[in-house]
Trainee: 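Below you'll find the structure I mean.
These figures come from a predicted structure and were not determined experimentally. Count residues from 1 along the sequence.
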Amino acid sequence: MSVSFTADDHRHMARALRLAERGLYTTDPNPRVGCVLVKDGAVVGEGWHERAGEPHAEVHALRAAGEAARSATAYVTLEPCAHHGRTGPCAEALVAAGVARVVCALVDPNPQVSGKGLDILRSAGLEAEAGLMQAQAEALNPGFLKRMRSGLPFLRIKLAMSLDGRTAMASGESKWITGPAARRDVQRLRARSSAIVTGSGTVLADDPALTVRAEELGCAIGRQPLRVVVDSGLKTPLTAKLLAEPGLSLIATVAGHEARHIDALSRDGTEVLSLPGNAGRVDLAALLAELARRGANEVLVEAGAGLAGAFLQAGLVDELVVYLAPKLMGDGARGLMQLPGLARMADAIALDLLDIRQVGTDIRLCYKPEPR
């Protein structure tokens with residue numbers, strides 16, 4: 001039976017979604033969730049999940065409301081949890097506080113919760129409904145939802161190119177194709193990601209740090225994303241900048257390398273992960289499954305044409321973010337992706353445009369690959 005929601009329901013859920021956005025950089029690996037408590041048309045409490053391991057959004061809102069929570073309506077962007085983790089079940093907390101009605105944007109796909117939180121509420125006599133502004137709530141947590149539904153993280157590839165589709169000069173020089181505003185925007189992509197993936201070729205050529213520069217964001221971040229190097233030949237030098245940066249680094253390779261090289265890389269806390277190989281190359285699907293097993297929700301790829309193309313041809317990409325710079329670099333410069341085997345127009349990879357906007361002097365294009 002479909003549920004009819006009022007204009008006030010939409011207004012309060014919109015506020016809950018805005019609150020949830022405040023945890024965009026800090027809740028990983030948990031979802032971003034907001035909660036608003038309303039009684040007699042007035043907001044009596046609100047909160048959001050601020051950091052993994054700390055109280056959930058419902059608990060913050062209940063604490064803010066106090067006794068005013070009794071007989072109130074709770075608007076929550078995700079079904080209240082029903083299991084004991086690092087915090088208690090939010091569904092039981094809502095019941096104990098005497099809340100009369102709960103409206104959630106979407107049912108939690110986590111098997112530990114899915115539908116169980118709503119069952120607790122309804123069994124206690126509360127009115128409980130789901131589905132209000134579901135699309136907006138899903139857009140806020142693409143990684144968490146995909147990981148729970150498929151066992152893989154949401155994979156986003158970041159690319160920067162000139163107007164004629166080039167990413168570096170023939171010499172390899174690439175700093176800077178885009179302007180300062182676009183580079184700051186990339187910091188936001190990094191900050192919301194659980195892991196940043198690059199290839200050993202990029203490490204050797206550019207020696208990137210792959211860290212979030214929090215001072216450019218102007219807000220706190222939960223932690224530095226895991227830095228992952230896809231390195232089938234185990235060529236990453238011990239002096240690589242990303243190995244010395246704060247946070248954790250992981251080198252994904254294939255079996256068969258000398259133990260002493262692995263030991264040398266591991267000595268300073270870098271993890272070397274041996275994965276199944278495909279023609280001597282790291283199985284990228286196996287890598288993503290392992291990252292999901294470790295709690296990675298959103299994964300950002302910042303790599304060269306070879307690795308970016310390999311992820312795309314393997315059908316593992318959920319979103320492409322392309323920064324288009326107002327420059328012409330010439331036909332001798334390097335192209336955007338290596339995509340071997342595309343010989344006919346019918347082989348071309350089609351993309352759906354999700355968003356387009358100007359960022360400083362550059363244009364940011366967001367695409368979703370069409371199913372093949």
Side-chain angles (χ1 to χ4, degrees), residues 5 9-39 42-70 72-110 112-118 120-121 124 126-145 147-148 192 219-222 295 297-298:
F5 295 109
D9 288 335
H10 281 82
R11 179 165 58 88
H12 295 308
M13 184 61 79
R15 172 59 180 169
L17 287 164
R18 288 195 296 272
L19 289 169
E21 288 178 0
R22 297 185 183 183
L24 189 65
Y25 307 138
T26 59
T27 65
D28 199 73
N30 291 351
R32 301 132 185 166
V33 182
C35 178
V36 174
L37 288 169
V38 178
K39 184 174 182 178
V43 174
V44 295
E46 59 182 31
W48 67 95
H49 184 39
E50 299 176 13
R51 197 176 296 270
E54 296 183 4
H56 290 183
E58 298 93 324
V59 174
H60 283 298
L62 289 171
R63 289 175 178 173
E67 285 300 314
R70 190 162 301 279
T73 295
Y75 295 90
V76 193
T77 59
L78 186 67
E79 177 185 7
C81 63
H83 63 291
H84 289 269
R86 285 185 282 184
T87 60
C90 290
E92 293 182 2
L94 291 166
V95 171
V99 169
R101 178 182 177 228
V102 177
V103 179
C104 58
L106 71 153
V107 175
D108 193 333
N110 184 345
Q112 292 182 298
V113 179
S114 189
K116 298 173 185 175
L118 292 172
I120 289 174
L121 298 172
L126 279 72
E127 183 181 353
E129 302 155 343
L132 175 60
M133 302 182 74
Q134 178 172 326
Q136 293 91 326
E138 290 192 346
L140 191 60
N141 286 296
F144 176 79
L145 297 177
R147 178 166 67 89
M148 289 299 159
R192 66 178 293 163
C219 61
I221 60 172
N297 290 328
E298 297 179 32

Trainee: Looking at side-chain heavy atoms only, is the closest gap between L106 and L145 below 4.5 Å?
Mentor: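 When only atoms from C-beta onward are counted, L145 and L106 do touch, with a gap below 4.5 Å.
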
Trainee: With heavy-atom distances below 4.5 Å as the criterion, would you say the side chains of P29 and R147 are in contact?
Mentor: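 Yes. Closest side-chain heavy atoms under 4.5 Å.
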
Trainee: Could you report the tightest heavy-atom contact between M133 and L17, atom names first, then the distance?
Mentor: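 For M133 and L17, the tightest heavy-atom pair comes out as CE-CD1, 3.9 Å.
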
Trainee: Flag the pair P109 / E138 as yes when at least one side-chain heavy-atom distance between them is below 4.5 Å, and no otherwise.
Mentor: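 P109 does not reach E138 side chain to side chain.
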
Trainee: Would you say R63's side chain and G47's backbone share a donor-acceptor pair under 3.5 angstrom?
Mentor: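 No; judged by distance alone, with no hydrogens or angles, the pair does not exist.
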
Trainee: State, to 0.1 Å, how close L94 and A74 come at their nearest heavy-atom pair, and which atoms those are.
Mentor: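 Nearest heavy atoms, L94 then A74: CD2-CB, 4.2 Å.
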
Trainee: Do E129 and R101 meet the salt-bridge criterion of a basic N to acidic O distance under 4.0 Å?
Mentor: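 Salt bridge between R101 and E129, a charged N being under 4.0 Å from a carboxylate O: yes.
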
Trainee: Identify the heavy atoms of L118 and C104 that sit nearest to each other, and give their distance.
Mentor: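 L118 and C104 have their closest heavy atoms at CD2-SG, 3.9 Å.
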
Trainee: Quick check: closest heavy atoms across P80 and V102, and the distance to 0.1 Å?
Mentor: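 Reported closest heavy-atom pair: CG-CG1, 4.2 Å.
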
Trainee: Evaluate the side-chain proximity of C35 to L19: yes if any heavy-atom separation is below 4.5 Å, no if none is.
Mentor: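 When only atoms from C-beta onward are counted, C35 and L19 do not touch, as no gap falls below 4.5 Å.
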
Trainee: Check M13 against A105 and note the closest heavy-atom contact, atom names and distance.
Mentor: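 Here M13 and A105 meet closest at CE-N, 3.6 Å.
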
Trainee: Enter the distance from E67:CD to L62:CG here, rounded to the nearest 0.5 Å.
Mentor: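 Rounded to the nearest 0.5 Å, the CD-CG separation comes to 11.0 Å.
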
Trainee: About how many Å separate OG1 of T27 and CZ of R192, when rounded to the nearest 0.5 Å?
Mentor: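 If we round to the nearest 0.5 Å, R192:CZ and T27:OG1 are 10.0 Å apart.
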
Trainee: Between E298 and R32, does at least one N-O distance fall below 4.0 Å, as a salt bridge requires?
Mentor: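 Result for this pair is yes, salt bridge flagged.
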
Trainee: Over 60° means perpendicular and under 30° means parallel, so classify the ring planes of H12 and Y75, tilted if in between.
Mentor: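 If you compare the ring of Y75 with that of H12, the planes turn out tilted.
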
Trainee: Output the distance between atom NE2 (H60) and atom CG (L37), rounded to the nearest 0.5 Å.
Mentor: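 These two atoms lie 13.0 Å from each other.
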
Trainee: Any chance you could measure H10, atom NE2, to Q136, atom CD, to the nearest 0.5 Å?
Mentor: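 Between atom NE2 of H10 and atom CD of Q136 there are 8.0 Å.
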
Trainee: Tell me the closest heavy-atom pair linking D108 and E79, and the distance in Å.
Mentor: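 Shortest heavy-atom contact: N-OE1, 3.1 Å.
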
Trainee: Rounded to the nearest 0.5 Å, what separation is found between the CZ atom of F144 and the CG atom of L78?
Mentor: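 Separation between the atoms: 6.0 Å.
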
Trainee: How far does OG1 of T77 sit from CD of E58, to the nearest 0.5 angstrom?
Mentor: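 It comes to 8.0 Å.
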
